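Note sheet for the following structure.
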Protein chains: 2
Amino acid sequence: MDQKTQFPDSMFLVDVDGHPDGQRHKTLSFSRTPSVLLTFAANRFTRSSARVYMKDYGIGAMDWRMLVMLVREPGCSAARASAAIGIDKGAISRSLARLEAKNLVEYESLESDERRKKWFLSKKGMALHDEILEVALARLRVMLDGFSEQDIQDFNRLLQLFMDNMAKESLS
Amino acid sequence: MDQKTQFPDSMFLVDVDGHPDGQRHKTLSFSRTPSVLLTFAANRFTRSSARVYMKDYGIGAMDWRMLVMLVREPGCSAARASAAIGIDKGAISRSLARLEAKNLVEYESLESDERRKKWFLSKKGMALHDEILEVALARLRVMLDGFSEQDIQDFNRLLQLFMDNMAKESLS
DNA sequence: GATGTTCAATTGACAAGACAACACGGCAAA
DNA sequence: TTTGCCGTGTTGTCTTGTCAATTGAACATC
């Protein structure tokens, strides 16, 4: 467990000159700090995805994720989707409302409790999903240009590990 | 250049059963698709960072990035920060306004053009930066628990490569 | 049978960031 | 000199996601 001190802080820091106080100051390196690169990369990816999906298909990045979710787990509830996608349940609720207004999704209420809903893609929603999936795969291939197969496996493994470590943090 | 077809789509897809139409449908795998893992990881990281920084220091994730930026490039302009952090210049402008209201930053106008400003951290801002930096490094160490030094270098390299590929996309 | 607890879902208030429009000074070309 | 363009910065508006409060049903306990 206690590998936390294995890396010296200097690994992630730069030492900068030119401040008005005449002193040198340390701060995070952009290029050597994984969390910085991670957030930059993800922000830019989400933003450019959102632009593409919105322009060509009229739905946002969030709604696209929801379509994927509903293919993966047909009949899932809003709460389940919230946990799986890691997004607030309020946002999920609104996303489903948007998608329903476009007739892309449908729901079935449980007999036992009218308010609990199981969500499915409509025929139209499935068709849209399949269409966007092609675009998403094409973009993904562009993003992975220059990656070896081993790189991809490493990348996935490291992202997963990073995420798992985050889950640990929130427990404490 | 044309390595784009080197990976079969199946590498990133799952094949799901249990749809109302009785058919099987393919969609993105969460665990094997880098862009999915990337956005999940980054969203969760940013969110939990924002909570920590806001709760303990009263500033958001965006404002923290701005503090780092001003240590890296003392005297930089809003436009420069926008390009470097990859965030809309409007958001930068508001962030600087918030930070100024808290006396964390100061500016100097150019003699030539009153409206053009060079931004610096105030003494108070630098102190806050140094304080938060400790927390950021501690969190980073937690996130990198289980990473080897080679893993970190790979992670940085792959994130950088992914980002560079995105830049290429937007040119076309 | 009454009461309290838990959980799904919705909704309103709010914050952050994207996008677009605009203001304004500098600068270059006519 | 004037005209038009460019680079900066500010601001309004919209979307999206978070947080918190609320509703309403099921279930458990007394």
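As the structure is a computational prediction, the values presented were derived from the model and not from experiment. Proteins get letters first, then strands, A, B, ... in listed order; numbering begins at 1 in each.
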**Report entry** Pairing residues for B/Gln150 by the side chain to side chain donor-acceptor pair (under 3.5 Å) criterion, not counting sequence neighbours
**Finding:** B/Asp154
Report task. Let me know the distance between NZ of A/Lys117 and C1' of D/dA25, rounded to the nearest Å. Result -> 14 Å
**Report entry** A/Ser109: side chain to side chain donor-acceptor pair (under 3.5 Å) partners, not counting sequence neighbours
**Finding:** none
Requested in this report: Sequence neighbours left out, what pairs pass side chain to side chain donor-acceptor pair (under 3.5 Å) with at least one residue falling in residues 81-99 of chain A?
Outcome: A/Asp63-A/Ser95, A/Asp63-A/Arg98
Restricting both atoms to N or O, compile the protein contacts to nucleotides 5-7 of chain C shorter than 3.5 Å, with distance only.
none

Query raised in the report: Please give, in whole Å, the distance from C/dA8 C1' to A/Tyr107 OH?
Result: 14 Å
Query raised in the report: In whole angstroms, how far is the P atom of C/dA18 from the OH atom of A/Tyr53?
Result: 18 Å
Report summary line: Rounded to whole Å, CG of A/Leu99 lies from P of D/dT15 at a distance of 15 Å
Query raised in the report: Rounded to whole angstrom units, what separation is found between the CG atom of B/Asn43 and the P atom of C/dG17?
Result: 12 Å
Query raised in the report: Is A/Lys118 near enough to C/dA9 that one of its side-chain N or O atoms lies under 4.0 angstrom from OP1 or OP2?
Result: no
Query raised in the report: Would A/Phe147 and A/Phe155 count as a close aromatic pair, with their ring centres under 6.0 Å?
Result: yes
Report, one line per pair, each donor and acceptor closer than 3.5 Å where one atom sits in a side chain of residues 52-61 of chain B; sequence neighbours left out.
none

**Report entry** Rounded interatomic separation in angstrom, taking CZ from B/Arg80 and P from D/dG9
**Finding:** 13 Å
Query raised in the report: B/Val14: which other cluster members, linking ILVMFWY side chains closer than 4.5 Å, directly or transitively?
Result: B/Val16
Query raised in the report: Among pairs that include at least one residue of residues 7-16 of chain B, which meet side chain to side chain donor-acceptor pair (under 3.5 Å), considering only residues two or more places apart or in two chains?
Result: A/Arg141-B/Asp9, B/Asp15-B/Arg24, B/Asp15-B/Lys26
Between protein and nucleotides 16-19 of chain D, what N or O pairs are separated by less than 3.5 Å?
residue : atom : partner : partner atom : Å
D/dT18  : OP1  : B/Arg47 : NE           : 3.1
D/dT18  : OP2  : A/Asp88 : N            : 2.7
D/dT18  : O4   : A/Arg94 : NH2          : 2.8
D/dC19  : OP1  : B/Arg51 : NH1          : 3.2

Query - Donor-acceptor under 3.5 Å (B/Thr27 side chain, A/Arg72 main chain) - result: no
Query raised in the report: Distance check: side-chain N/O of B/Ser93 vs OP1/OP2 of D/dG9, anything under 4.0 Å?
Result: no
Report summary line: Sequence neighbours excluded, the answer for side chain to side chain donor-acceptor pair (under 3.5 Å) partners of A/Ser35 is none
Query raised in the report: What side chain to side chain donor-acceptor pair (under 3.5 Å) pairs are there with at least one residue in residues 118-128 of chain B, not counting sequence neighbours?
Result: none
Query - Five-pair end axes of the helix from C/dG1-D/dC30 to C/dA30-D/dT1, angle between them (10°) - result: 0°
Report summary line: Residue pairs passing the ring pair (Phe, Tyr, Trp, His ring centres under 6.0 Å) test with at least one member in residues 72-98 of chain A, sequence neighbours excluded, are none
